[in-house]
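Order of appearance sets the numbers: ligands from 1, and atoms from 1 within every ligand. Everything quoted here is computed from the prediction, not taken from an experiment.
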Amino acid sequence: MITRFAPSPTGPLHLGHAYAAWFAWHAAREMGGRFLLRWEDIDASRCRPEHEAAILEDLHWLDLAPDDASMRQSARFSAYEAALGVLRERDLLYPCFCTRRDIQQAGGAPHGPDGPLYPGTCRRLAPERVTERLARGAPHAWRLKMDAAEAHAGPLSWEDRDGGTQRAAPALFGDIVLARKDTPTSYHLAVTVDDAAQGITLVTRGLDLFPATHVHRLLQALLGLPEPKWHHHRLICDASGKRLATRDRALALTQLRSQGWTPARVWQALGVER
Ligand code: GLU
């Protein structure tokens with residue numbers, strides 16, 4: 001059993017992160033497996049080395065140090081490019097030149113888990129216009145032809161350690177972006193490629209990311225990657241029932257530590273045994 005904790009170094013860890021890290025660590029320990037770390041740092045504008053240093057310090061303080069060298073997504077762009085190449089060769093991708101505004105103005109589109117479903121504007125562009133725009137370097141993302149991708153992969157399901165067998169329904173995302181205009185990958189593609197590269201056999205993450213698994217299962221099948229199991233765990237909420245989030249400046253572990261919290265107090269607050 002190989003599990004991982006995959007933080008984005010965009011801020012300090014809070015109790016929700018401590019639970020996610022513990023959950024992955026504990027699942028690996030229970031089965032005599034390994035617990036790995038991955039830096040999800042493709043968003044260069046938001047990730048900072050000082051956050052990484054603080055996260056490592058917190059993990060050591062919690063005694064949840066990873067078992068092996070960590071993986072860094074910002075060093076893996078060639079692997080993502082190779083995966084995009086496989087999908088492009090099968091004619092499952094198309095370039096999209098739309099701005100966020102174009103998509104909003106298309107209006108009325110139903111919403112998926114990541115926002116409004118793409119209305120397919122660029123999929124209908126004449127091939128010569130696509131060639132011309134690419135040739136002049138027009139900024140573009142790459143989108144998955146969802147219907148063609150689903151037809152290619154056939155019916156899919158995954159084993160969820162908590163929820164049992166789940167039927168994959170990636171179409172709820174529509175033609176998702178797999179490579180962004182500003183970064184030649186996306187969360188969905190990078191996670192899928194890297195979980196396989198790290199040999200992860202149990203993907204543990206919060207229930208907020210449950211919908212993403214529909215897409216990840218499809219990408220695995222299209223790319224011929226091994227299929228792990230998943231366990232989507234509960235989320236840690238504040239007193240008002242709202243999920244703790246870095247951007248809301250949820251109380252950081254460093255702060256709790258400076259108020260005298262011990263790791264034992266963290267485990268008690270989270271209701272787990274360490
Ligand atoms: N990096 C993601 C996060 O910070 C987790 C990645 C994943 O488990 O898919 O929530």
Side-chain angles (χ1 to χ4, degrees), residues 1-28 34-48 51-52 54-56 58-59 62 64 66 70-76 79-80 83 113-114 158 160-163 166 168 170 173 176-178 180 183 185-220 223 225-237 242-250 252-253:
M1 164 89 65
I2 306 179
T3 65
R4 50 47 168 198
F5 176 54
S8 290
T10 56
L13 296 189
H14 53 60
L15 281 173
H17 294 114
Y19 183 71
W22 170 84
F23 197 94
W25 175 90
H26 182 253
R34 283 189 303 140
F35 165 66
L36 307 181
L37 182 68
R38 181 168 71 233
W39 297 112
E40 303 223 320
D41 62 344
I42 54 175
D43 195 344
S45 65
R46 293 171 57 227
C47 296
R48 302 264 179 280
H51 293 315
E52 279 188 24
I55 289 171
L56 279 179
D58 284 340
L59 289 176
L62 293 170
L64 299 179
S70 51
M71 179 174 271
R72 175 177 297 284
Q73 291 193 324
S74 60
R76 305 244 325 132
Y80 310 140
D114 287 351
W158 81 81
D160 208 292
R161 256 195 2 173
D162 193 38
Q166 305 287 323
F173 283 81
I176 46 161
V177 169
L178 291 189
R180 299 189 330 219
T183 314
T185 185
S186 67
Y187 160 69
H188 297 301
L189 183 71
V191 163
T192 306
V193 169
D194 290 346
D195 279 338
Q198 285 189 295
I200 304 303
T201 56
L202 177 70
V203 176
T204 66
R205 59 179 169 222
L207 275 164
D208 54 330
L209 287 171
F210 186 94
T213 305
H214 290 285
V215 173
H216 302 180
R217 182 68 199 97
L218 172 65
L219 292 176
Q220 277 159 5
L223 295 168
L225 300 174
E227 183 191 342
K229 287 190 172 35
W230 276 267
H231 194 145
H232 297 91
H233 58 69
R234 69 182 167 95
L235 301 174
I236 304 302
C237 297
K242 194 160 162 280
R243 176 171 72 89
L244 299 185
T246 307
R247 63 177 169 278
D248 299 335
R249 302 185 184 281
L253 293 176

Pairwise salt bridge (charged side-chain N to carboxylate O under 4.0 Å, His left out) hits with a residue in residues 226-237, at least two apart: Arg217-Glu227
Close side-chain approach of Phe173 to Asp114, heavy-atom, < 4.5 Å: yes
Sequence neighbours excluded, every pair satisfying side-chain hydrogen bond (donor to acceptor under 3.5 Å, both in side chains) that has a member inside residues 198-211: Arg38-Gln198, Arg205-Thr213, Arg205-His216, Asp208-Arg243
Ligand 1: which protein N/O atoms lie under 3.5 Å from its N/O atoms?
| from | atom 1 | to | atom 2 | distance (Å) |
| --- | --- | --- | --- | --- |
| ligand 1 | 1 (N) | Ala6 | O | 2.7 |
| ligand 1 | 1 (N) | Glu40 | OE1 | 2.7 |
| ligand 1 | 8 (O) | Arg4 | NH1 | 2.7 |
| ligand 1 | 8 (O) | Arg4 | NH2 | 3.3 |
| ligand 1 | 9 (O) | Tyr187 | OH | 2.6 |
| ligand 1 | 9 (O) | Arg205 | NH1 | 2.8 |

Taking every non-hydrogen atom, the tightest pair across Ile55 and Pro9: CD1-CA, 4.0 Å
Sequence neighbours excluded - salt bridge (charged side-chain N to carboxylate O under 4.0 Å, His left out) pairs with any residue from residues 5-19: none
Worked check of side-chain contact (heavy atoms from CB on, under 4.5 Å) between Phe5 and Leu64: CA-CA 10 Å; Phe5 176 54; Leu64 299 179; over 6 Å; no
